[in-house]
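Counting starts at 1 for both ligands and their atoms, in listed order.
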Amino acid sequence: MNVFLTTFVAAGAVTVANAFAPSNFMSKFAHGTRFATEIYADGVVSTEKPTGTSFLPEETIERAKAGSPIEKAKLEKDPINAWVDIYEYARRIREGEMTWEEVEKADLDTRLKYVGMLHRNKRTPGKFMMRLKVPNGIVNSDQMRFYADCVEKYGDIGVVDITTRANIQLRGVTIEDAPDIIDGLHARNQTSFQSALDSVRNMVGNPLAGIDDQEMVDTREFCNALNDLVSLDPVTETRGNPMWANLPRKFNIAISGSRDDFAHTHINDIGLQPCANTETGEMGFNVVLGGYMSIKRVAESIDSGMWIKADRESVVTLCEAILRIFRDESDRKDRQKARLMWLVEKYGVNEFKNAVIKEVDSYNRGVKIYDQQSRPTDNFERRELLGVHPQKQTGKVRVGILVPTGRLSPNECRQLADLADTYSKGEIRLTVEQNILLPNVYEADVAELLAEPCLNGESRLKVNPGLIEGNVVSCTGAQFCGLALIETKSHAEELGKKLEALVTVDRPIRIHWTGCPNSCGQVQAADIGIMGGPARKEIDGKNMAVPGCKIFVGGRIGENAHLAMEPVKSGVPLDDEDLIPVLVEILKTEFGAVEK
Ligand code: SRM
Ligand code: SF4
């Protein structure tokens, strides 16, 4: 028996039963396994337990030694230590032995990110954002209430954000509170482990999985399986997988379930696009690779030439093979060049495909990689997620609700939890547009749901918002993010409402905001993208530097996705008097808007 397990069994810890799984497809984690936090909190850590670095080949370690400061920090003290350290730091702070300022700087700024704790040192020193993992964006009412309970005590900064990866971030968290939150998450079949820094990020799937008559593949099982692959220790079956704890960079995976591509496969490192095998008719995925956004480079995914069957073994094996190659071979010196696209280009697409096939074959799991299949060419209109829409199940509908810029107060979290308990058997789905969707609502209950006070009057939450205000997306921005050049969420929400009042449009106009060129708000994919940047303006006769933006126009999503690479305008001040006329003009000339 594995030494670590022996030690752990001898410690006599109790198995915690899983509480409530959000979908029919329970992850491996859901079967009442032991949780990493229990083990590490007990201090029962075997020296024989592998670290992230112990999976790296010697040659990769050598490159890491000569690599970026983050590579050196990871070698000096392995990322998996964070799974232990957070408990130890919290205990010592609680017991008055130290303050958060005394936490080792590399832990504070870097390593704690491996447990999803991101110090907001520039904006709210001592307070953290805790990022979770929500595979396929599916949560339940119990989890939603838990988020509210966790952040409520932090006052104004205690809010919950839905992210552009259909994920959850809790704000205002302190180190001393983190273990209780992590334990609470683990007891609810969720985790914050390996959600940030050089980790595989939240698995994005189809928000209409299992409820849509145009669904090609149900993505839930795959998102859960991949989430287990990357953040479940295969030996201990506890959260936190050392195998993928020392990656060279972040890594994004998205799985689409229909031709709508609600998951945005074109901006992920691995994108799985459903497509039938033209010969056999069997359902599977074309694999696209390398999509990403950053300061240095913005890249649309490229065809890998590969197709796999839509079965769990094929999906997990393909992703594992690509991850293994990425982990061991990608750049460790220049973090700007460590994303997958650079490695694929270094190989050449065909050679990369061959390397993946060789890797998959070496696992001897009987998984076959086929050649890419032809995509459907007949007309397809991408559907809407907000509002009330029929499901494949007779008598049931899905109801998409706007959450402006993804920001939820504790009270709003509880309101959504109550709605879910009353109308959707407790289930809530998150979208990459930072909104929510209640599935499986009985048609007969819709009128009552639409009349709920929390969806009417002054409430921010709306089922049928305007075509502009309902399609605003925003990154975190300057309120919390130290990299931000501008405040985003509050401007985005306000400006959406103002533009709605000024013009009429005949289709949804997606306006995305992002506070800096990292483009977490995906401005290049938007109809209109607003990116924080420098601007100047005459104030009292003086030419002053003011908060400003660059404006991108014409990004497309869905089957014919396209990224708008260059801004059409730069240096536009953020003030209403400067920005609104520019946007109204773009809305009129590019999107047929008519002034009211
Ligand atoms: Fe992002 C870094 C927030 C989606 C590209 N991103 C950051 C940090 C961690 C920077 C920091 O330490 O402050 C931001 C945390 C701010 C905060 O307090 O919330 C941050 N990114 C976000 C979120 C929360 C934006 C949002 O409001 O929804 C999104 C969280 C997703 C999640 O749940 O995991 C978020 N970030 C994205 C996306 C969109 C996506 O994944 O579809 C991108 C572009 C796609 C991509 O990664 O290729 C994105 N974020 C970046 C980058 C540039 C990556 C690069 O290769 O250079 C950085 C900077 C970095 O990693 O060095 C970054
Ligand atoms: Fe922060 Fe920039 Fe990402 Fe916005 S785009 S969350 S400002 S890193």
**Q** Can you confirm whether some protein heavy atom lies under 4.0 Å from atom 53 (C) of ligand 1, or whether none does?
**A** yes

**Q** For the residue pair Ser231 and Arg239, confirm or rule out a side-chain donor-acceptor distance under 3.5 Å.
**A** yes

**Q** Distance to 0.1 Å, residue and atom name: give those for the protein heavy atom nearest to atom 24 (C) of ligand 1.
**A** Gln169 OE1, 3.1 Å

**Q** Relative to the heavy atoms of Ser519, which atoms of ligand 1 are at a distance of less than 4.0 Å?
**A** 43 (C), 44 (C)

**Q** Under 4.0 Å from a heavy atom of Thr163: which atoms of ligand 1 are those, numbered in the order shown and with their elements?
**A** 24 (C), 28 (O), 29 (C), 30 (C), 31 (C), 32 (C), 33 (O)

**Q** Within 45 degrees of the ring normal and closer than 6.0 Å to the centroid, is that where the cationic atom of Arg297 sits relative to Trp342?
**A** yes

**Q** Select one of side chain, backbone, both or neither to describe which atoms of Pro517 lie under 4.0 Å from any atom of ligand 2, heavy atoms only.
**A** neither

**Q** Regarding atom 48 (O) of ligand 1: of the candidates Arg407, Met293, Arg297, Gln336, which has the closest heavy atom?
**A** Met293

**Q** Measuring from the heavy atoms of Ser519, does anything fall under 4.0 Å of ligand 2?
**A** yes

**Q** Out of all atoms in ligand 2, which are within 4.0 Å of some heavy atom of Leu483? Include the element for each.
**A** 8 (S)

**Q** Does the structure place the NZ or CZ of Arg188 under 6.0 Å from the centre of the six-membered ring of Phe146, at an angle of no more than 45° from the ring's axis?
**A** yes

**Q** Check Thr431 against Ile162 and note the closest heavy-atom contact, atom names and distance.
**A** O-CG2, 4.0 Å

**Q** In the protein, which heavy atom is nearest to atom 9 (C) of ligand 1, and how far is it?
**A** Leu118 CD2, 3.5 Å

**Q** Heavy-atom contacts with Met129 under 4.0 Å: which atoms of ligand 1 show up? List them by number with element.
**A** 15 (C), 17 (C), 18 (O), 19 (O)

**Q** Please find the pair of heavy atoms, one from Val582 and one from Ile551, that lie closest to each other, and give the distance.
**A** CG1-CD1, 3.7 Å

**Q** Under 4.0 Å, counting heavy atoms only: does Gln434 come that close to any atom of ligand 1?
**A** yes

**Q** Of the protein's non-hydrogen atoms, which lies at the shortest distance from atom 47 (O) of ligand 1, and what is that distance?
**A** Lys250 NZ, 2.6 Å

**Q** With heavy atoms of Cys481 as the reference, note each atom of ligand 2 found under 4.0 Å away.
**A** 1 (Fe), 6 (S), 7 (S), 8 (S)

**Q** Measuring to atom 4 (Fe) of ligand 2, does Cys475 have an N/O/S atom at a distance below 2.8 Å?
**A** yes

**Q** Which option, Leu483, Val298, Leu197, owns the non-hydrogen atom nearest atom 10 (C) of ligand 1?
**A** Leu483

**Q** For Cys520, which part has a heavy atom under 4.0 Å from ligand 2: side chain, backbone, both, or neither?
**A** both

**Q** How far apart are the closest heavy atoms of Ala209 and Asn136, and which atoms are they?
**A** CB-OD1, 4.3 Å

**Q** Under 4.0 Å from a heavy atom of Thr476: which atoms of ligand 2 are those, numbered in the order shown and with their elements?
**A** 6 (S)

**Q** Can you sort out which atoms of ligand 2 are near Gly515, meaning under 4.0 Å from one of its heavy atoms?
**A** 4 (Fe), 5 (S), 7 (S)

**Q** Which ligand 1 atoms does Thr476 reach within 4.0 Å, using its non-hydrogen atoms?
**A** 16 (C), 17 (C), 18 (O), 19 (O), 24 (C), 27 (O)

**Q** Which is closest to atom 35 (C) of ligand 1 in terms of heavy atoms, Cys520, Ala525, Gly477?
**A** Cys520

**Q** Ring-plane angle category for Phe193 and His186, please: parallel below 30°, perpendicular beyond 60°, tilted otherwise.
**A** perpendicular

**Q** Among Arg131, Gln434, Arg171, Gln169, which one satisfies side chain to side chain donor-acceptor pair (under 3.5 Å) with Asp161?
**A** Arg171

**Q** Under 3.5 Å, is there a donor on one side chain and an acceptor on the other for Asp261 and Ser256?
**A** yes

**Q** I need the atoms of ligand 2 closer than 4.0 Å to a non-hydrogen atom of Thr514, numbered in the order shown.
**A** 5 (S)

**Q** Who's the nearest protein heavy-atom neighbour of atom 40 (C) of ligand 1, and how far?
**A** Arg165 NH1, 3.6 Å

**Q** Closest non-hydrogen protein atom to atom 42 (O) of ligand 1, residue and atom name please, with distance?
**A** Gln522 NE2, 3.0 Å

**Q** Would you please determine whether Asp161 falls within less than 4.0 Å of ligand 1 on a heavy-atom basis?
**A** no

**Q** Say whether Arg201, considering both its backbone and side-chain N or O atoms, lies within less than 3.5 Å of an N or O atom on ligand 1.
**A** no

**Q** Determine the sole option in Asp328, Asp269, Ile270, Val230 for which the side chain to side chain contact (heavy atoms under 4.5 Å, CB included) test with Leu323 is passed.
**A** Val230

**Q** Within a radius of less than 6.0 Å around CD of Glu101, do more than 12 heavy atoms belonging to other residues, nucleotides or ligands occur?
**A** yes

**Q** Does an N or O from Arg339, backbone or side chain, lie closer than 3.5 Å to an N or O of ligand 1?
**A** yes

**Q** Are side-chain heavy atoms of Ile428 and Asn140 found at a separation under 4.5 Å?
**A** no

**Q** Quick check: closest heavy atoms across Thr174 and Met117, and the distance to 0.1 Å?
**A** O-CE, 4.0 Å

**Q** Which atoms of ligand 2 are found less than 4.0 Å from any heavy atom of Asn518?
**A** 8 (S)

**Q** Side chains of Met341 and Ile302: does their closest heavy-atom pair fall under 4.5 Å?
**A** yes

**Q** Would you call Asp198-Lys250 a salt bridge at under 4.0 Å N-O?
**A** no

**Q** Does Ser474 have a non-hydrogen atom less than 4.0 Å from ligand 1?
**A** yes

**Q** On a heavy-atom basis, I'd like to know which of Lys122, Arg131, His119 is closest to atom 22 (C) of ligand 1.
**A** Arg131

**Q** Find all atoms of ligand 1 within a distance of less than 4.0 Å from any non-hydrogen atom belonging to Cys475, and give their numbers and elements.
**A** 26 (C), 27 (O)

**Q** Around atom 15 (C) of ligand 1, find the nearest protein heavy atom and jot down its residue, atom name and distance.
**A** Arg120 NH1, 3.7 Å

**Q** Please compare Arg335, Lys296, Arg249 and report which has the shortest non-hydrogen distance to atom 57 (O) of ligand 1.
**A** Arg249

**Q** Answer yes or no: is there a side-chain heavy-atom contact under 4.5 Å between Pro410 and Val151?
**A** yes

**Q** Which atoms of ligand 2 sit under 4.0 Å from any heavy atom of Ala484?
**A** 7 (S)

**Q** N/O of Ser195 under 3.5 Å from N/O of ligand 1, yes or no?
**A** no

**Q** Do Arg327 and Asn246 come within less than 4.5 Å of each other through their side chains, counting heavy atoms only?
**A** no

**Q** Would one find more than 12 heavy atoms of other residues, nucleotides or ligands at under 6.0 Å from atom NZ of Lys337?
**A** no

**Q** Enumerate the atoms of ligand 1 whose separation from the nearest heavy atom of Asn167 is less than 4.0 angstrom.
**A** 32 (C), 33 (O), 34 (O)

**Q** Do Asn518 and ligand 1 have an N or O pair less than 3.5 Å apart?
**A** no

**Q** How far is atom 4 (C) of ligand 1 from its nearest protein heavy atom, and which residue and atom is that?
**A** Thr164 OG1, 3.3 Å

**Q** Under 4.0 Å from any heavy atom of Arg171, which atoms of ligand 1 are there?
**A** 17 (C), 18 (O), 19 (O)

**Q** Considering non-hydrogen atoms only, spot the tightest contact between Leu343 and Phe326 and give its length.
**A** CD2-CA, 3.8 Å

